[in-house]
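What follows is a single structure, written as structure tokens, with notes after it.
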Amino acid sequence: MSSPAATYDLGKLHGGLRLPSNKMESTATPLQTIPVPDQLILPIAQHVGEPAHPIVGIGEKVLKGQLLAESYGSISAPIHAPSSGTVVAIEPWPVSRRQGDKAPCIIIECDGEDRALPAAEETVPFNTIEPDSLLRKILQGGIVGLGGAVFPTGQKLMQAATMPLEYLILNGVECEPYISCDDILMREQAAEVLGGAQILMHALGLNKCYVVIESDKPEAISAIGESMATLDDDRITLKQVPTIYPSGGEDQLVQLVTNREVPTGGLPTDVGCVVQNVGTCAAIWRWIVEGEPLISRVTTVTGPGLTTPMNITARIGTTVADVIAFAGGYTEHAKQLIIGGPLCGKSVTTDRVPLVKATNCILVLDETAGTAEERPCIRCGECALVCPIQLLPQQLFWYACSDNEARLRSYGLTDCIECGCCDLVCPSHIPLTASFRNAKARIQELADEKARAERARRRFESRNERLEIEKLARESELAQQKEDARNAGPAAIEEILKRQREKQDQDRES
Amino acid sequence: MEFERRDAPFIAPTSDVSSIMRHVLFALVPAALAYVWFFGSGFIFNLIVASLFCIAGESLMLRLRGKPVESTLMDYSALVTAALLAFAMPALTPWWVTATAALFATVVAKHLYGGLGYNLFNPAMVGYVVALVAFPMHMNLWTPPRLGDIDYHFMTIAETARYTITGTFPDYLSFDAISRATPLDVVKAGLNNMLTFSELRAYPIMGDFGGRGWEWIGNFTAIGGAWLLLKKIIRWQIPFGVLMGVLAPSSLMYIMDPGINPSPGFHLFTGGTILCAFFIATDPVSAATSDRGRLVYGFGIGFIIYAIREWGSYADGVAFAVLLMNMAVPAIDYLTMPRIVGHRLKKQGDR
Ligand code: SF4
Ligand code: SF4
């Protein structure tokens, strides 16, 4: 019954930009699947939080879907083997998170058989599972936010379950240029996406779900619309939003759809919303319904420096070099390799880095950005005009240069979502976003240092206190002894004198 | 394959300072043509002198401050200052007067404050005020606009060149023969002498709204301004603010007593109101930055222009109005800070 109706009763977002989308190139071909490579590289830190702890030994044979590293600490996610083979090493390897510097990885030599671990338990319909156990089960699937934030989904849902909630919002707003993996995923796996939404609604006890898609994705909209018609679940509503960057940011999406502002430092759950990326929903469905943990993902491989832009499904751990070779290789103009989009991505120094859970896009550009000459700020205010958070980037930049922490705080540095809009409009070509990123890191460092110093100070103080107490105790003991001696004094002397007298008497008598 | 490491974002910005300044220069062309038509070649000489000395001052200061000279000159901001000065100066101005203004604008108002982006005051207006104070006689020599029915000597190019270089007239001309009171002067003096505004309107130098000739320059200036708005080089807040700042009090006064108060149209289309609204007050460096702040800033300038014309001793007050509001900018910026998304409204806050 539900047709892809357009609903524009949206809250207003400040600023933002209409950017050339550059998505046609990669959506021209249908989704392709990359064959399992000879070697898979799995960083143990693929999510926000603590790295996972490896539980396999070198030389150990593993099967597809087998647990390789377990979740460790309060925010973490496990990692599973994307294919069958042998663990040949656990060693540092270049990773995209560090822009091509090395971080610990589990390396698997694949045997090419792709044998799966036999299912441990019979999969039962999800709506017969208690919400609590469903949430615990999601924790074990190694699922993280696939929109790029890679926050462990299980923990995000556990936190959400403790809050009064109203809406589940599926994020199909892929607003960054070039990236089209969610678009393709919605076109080809609409049923899985909506199935995931139903699982989430059951787990969180919700009965309102918005699937939000940008209006420049008509194919995705009709695919989801059709799938909704088959499903006939009137809890799910489709919402179209205009194509403006960065409306796909979690807080921005909440504001756009519900007209509620996520309070500073807070989460969407503070205003009754849980936001999940559509890819994450499909991953949840695959784990809960088919028993397959997160071992592959859809990624866009694109850019003017690439021969055949396309979307691919790849096993996690496939190297970027393999992916690019699959997509026809570099053109002669390839100048810069970016993991992620052109605004929020990271440039990497080498294509030996593996595709990880966070990798939504592999972008090859034909020119090196950031070569334009930087001039002083002319206070034109364009940056403030486009900032979705209504910050004053020109002021923030000023305070970032002078390292004025108090002002940085009061001007909302921590509210900056590093969307890069301000950079794009700055006529003086000032690297504003980079300076904010650095300033945040510096402040974090200072805070860490302060915390360390505070801990050291407390330790030192408590030691002093202990020593002081011991000293006082010793002193009072000594004083007591003296006091005892003094109190006991006269009697004792008398005793001695008495004894002496007696002795003298005896001597005289004899 | 190996690559270079860079910071996001990886999309190049679309605008740059040089192109903004070039746009401003282009937008001034219609006004310049009108100015030359009505007031003669003096404007061109002023423009040349101002440009030479602005560039000289800028180069000198850049060299002294150890900054790259050539690439900084390419931001064209010195030329914009020069052009604004050329518009502010009377059409007949000896070169040393313009040179003083140009050097003061670039050396003191711009570079001693730290160069483009750091100057608190609008350089061109500082230069103008310095010239006004230092050479009051020359700065008050205004010629009448070229109009068929006004009898006066329209200076030839040779005569203008001679005056610009030497500051003297040929024997057959004199200061008094050349100069005429501007419409603003006429109205101010006339009203002080108990004439009514409608009587003054009948003077041949008066046009439909403002001074004849002046109003046409105003129109051509507004065309350039509209083009800048269209190109999003400037935003509407400041021009709107300035125009409202002039219109609101003048309309009110005119409605109360049209006999002794010049009409709002007169205020708009004489003197530097339009130029100020679109080209002077919109200098981003010395203006307020937020949208609301810019409205306040513009309105303040407009209002002060009106106040000086009405109650001050100078006939026009554009330069003073701009400089005064420049000083208020830090306060305006602070008071009009937008509410950060996700933060509570200041008033509701309990902190
Ligand atoms: S990067 Fe930060 S300051 Fe710049 S526009 Fe985005 S949120 Fe605003
Ligand atoms: S856009 Fe650039 S030049 Fe303009 S105010 Fe912002 S930082 Fe300054």
Side-chain angles (χ1 to χ4, degrees), chain A residues 14 19 99-100 177 251 255 261-266 321 330 334-338 340 342-351 363 365 368-370 372-373 375-382 384-385 388-392 394-395 412 415 418 420 423-429 431 433-434 437, chain B residues 1-21 23 67-68 71-72 74-75 77 80 114-120 232-235 237-238 282-291 293-294 329-330 333-334 336-345 351:
Chain A
H14 182 264
L19 298 169
Q99 299 194 277
D251 296 0
Q255 197 181 341
E261 282 178 23
V262 176
T264 172
Y330 299 105
K335 282 265 169 53
Q336 191 151 47
L337 179 60
I338 291 149
L343 286 130
C344 300
K346 274 191 170 154
S347 76
V348 291
T349 51
T350 166
D351 57 12
L363 176 62
L365 291 181
T368 336
E373 192 188 354
R375 295 182 189 273
C377 167
I378 57 164
R379 293 170 36 92
C380 65
E382 291 297 307
L385 221 55
I389 315 297
Q390 274 197 286
L391 300 174
L392 297 171
Q394 76 274 33
Q395 300 285 356
D415 294 292
E418 299 174 23
D423 278 50
L424 256 57
V425 296
C426 177
S428 293
H429 305 170
T433 315
R437 220 179 285 127
Chain B
M1 204 161 138
E2 306 298 308
F3 298 91
E4 234 179 291
R5 188 183 287 194
R6 295 262 173 187
D7 279 322
F10 303 100
I11 298 180
T14 42
S15 71
D16 63 274
V17 176
S18 317
S19 109
I20 291 181
M21 296 294 175
H23 274 84
K67 305 268 173 183
S71 66
T72 310
M74 288 310 283
D75 68 19
S77 61
V80 170
L116 179 68
Y118 299 95
N119 47 301
L120 185 60
K232 298 204 169 140
I233 301 290
I234 57 172
R235 305 276 171 178
Q237 283 87 355
I238 292 178
T282 49
D283 162 40
V285 177
S286 52
T289 57
S290 70
D291 287 354
R294 285 176 169 177
V329 160
D333 274 350
Y334 182 76
T336 56
M337 236 166 86
R339 181 188 65 93
I340 300 170
V341 173
H343 286 234
R344 267 180 295 177
L345 290 166
R351 278 185 304 158

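In what follows, chains are A, B, ... by sequence order, proteins preceding strands, each numbered from 1.
- With a 4.5 Å cut-off on non-hydrogen atoms, A:Cys380 touches chain B through its backbone and its side chain both.
- Using a 4.5 Å heavy-atom threshold, the side chains of A:Ile389 and B:Ile340 count as touching.
- Counting heavy atoms from C-beta outward, B:Leu116 and A:Arg375 have side chains that stay 4.5 Å or more apart.
- Of the two parts of A:Gln394, only the side chain, counted from C-beta on, holds a non-hydrogen atom closer than 4.5 Å to a non-hydrogen atom of chain B.
- When heavy atoms are compared at a cutoff of 4.5 Å, B:Asp333 approaches chain A solely by way of its side chain, counted from C-beta outward.
- Between A:Arg379 and B:Val285, the shortest heavy-atom distance links the atoms NE-O, 2.7 Å.
- Of the listed residues (A:Gly381, A:Gly100, A:Pro342, A:Gly420), the greatest number of heavy-atom pairs within a distance under 4.5 Å of chain B belongs to A:Pro342.
- Partners of B:Ile20 under the side-chain contact (heavy atoms from CB on, under 4.5 Å) rule, at least two apart in sequence or in another chain, are A:Ile378, A:Pro427, B:Ile233.
- You'll find the side chain of B:Pro9 reaches within 4.5 Å of the side chain of A:Thr433, heavy atoms only.
- If you measure heavy-atom distances from A:Asp351 to chain B, the contacts under 4.5 Å come from both the backbone and the side chain.
- Contact tally against chain B (heavy-atom pairs below 4.5 Å) for A:Gln395, A:His14, A:Lys335: the top residue is A:Lys335.
- Residues B:Ile11 and A:Asp423 fail the side-chain proximity criterion, which asks for heavy atoms closer than 4.5 Å.
- Per-residue counts of heavy-atom pairs under 4.5 Å with chain A were compared for B:Gly342, B:Gly114, B:Ala287, B:Ala8; the largest is that of B:Gly342.
- The shortest side-chain heavy-atom distance between B:Glu2 and A:Thr350 falls under the 4.5 Å cut-off.
- Between chain B and the options A:Glu418, A:Lys346, A:Arg437, heavy-atom pairs under 4.5 Å are most frequent for A:Arg437.
- The shortest side-chain heavy-atom distance between B:Phe3 and A:Ser347 does not fall under the 4.5 Å cut-off.
- A:Val425 meets the side-chain contact (heavy atoms from CB on, under 4.5 Å) test with A:Leu17, A:Glu382, A:Val386; sequence neighbours excluded.
- Counting heavy-atom pairs closer than 4.5 Å to chain B, the top-ranked of the candidates A:Ala384, A:Pro431, A:Gly345, A:Gly340 is A:Gly345.
- At a 4.5 Å heavy-atom cutoff, the contact between A:Leu385 and chain B is made by side-chain atoms alone.
- For a residue to count as touching a neighbouring chain, one of its non-hydrogen atoms must lie under 4.5 Å from one of that chain's; by this rule A:Pro177 touches chain B with the side chain only.
- Interface summary for chain B: among A:Val348, A:Leu391, A:Ile338, A:Leu392, the most heavy-atom pairs under 4.5 angstrom belong to A:Ile338.
- A:Gln390 and B:Arg339 make their closest contact through OE1-O, 3.3 Å (heavy atoms, listed as atom of the first residue, atom of the second, distance).
- Of all the heavy atoms in B:Arg5 and A:Gln99, the pair that sits closest is NH2-O, 3.3 Å.
- Neither the backbone nor the side chain of B:Asp283 comes within less than 4.5 Å of any heavy atom of chain A.
- Looking at B:Ser71, the atoms closer than 4.5 Å to chain A (heavy atoms on both sides) sit in the backbone and in the side chain alike.
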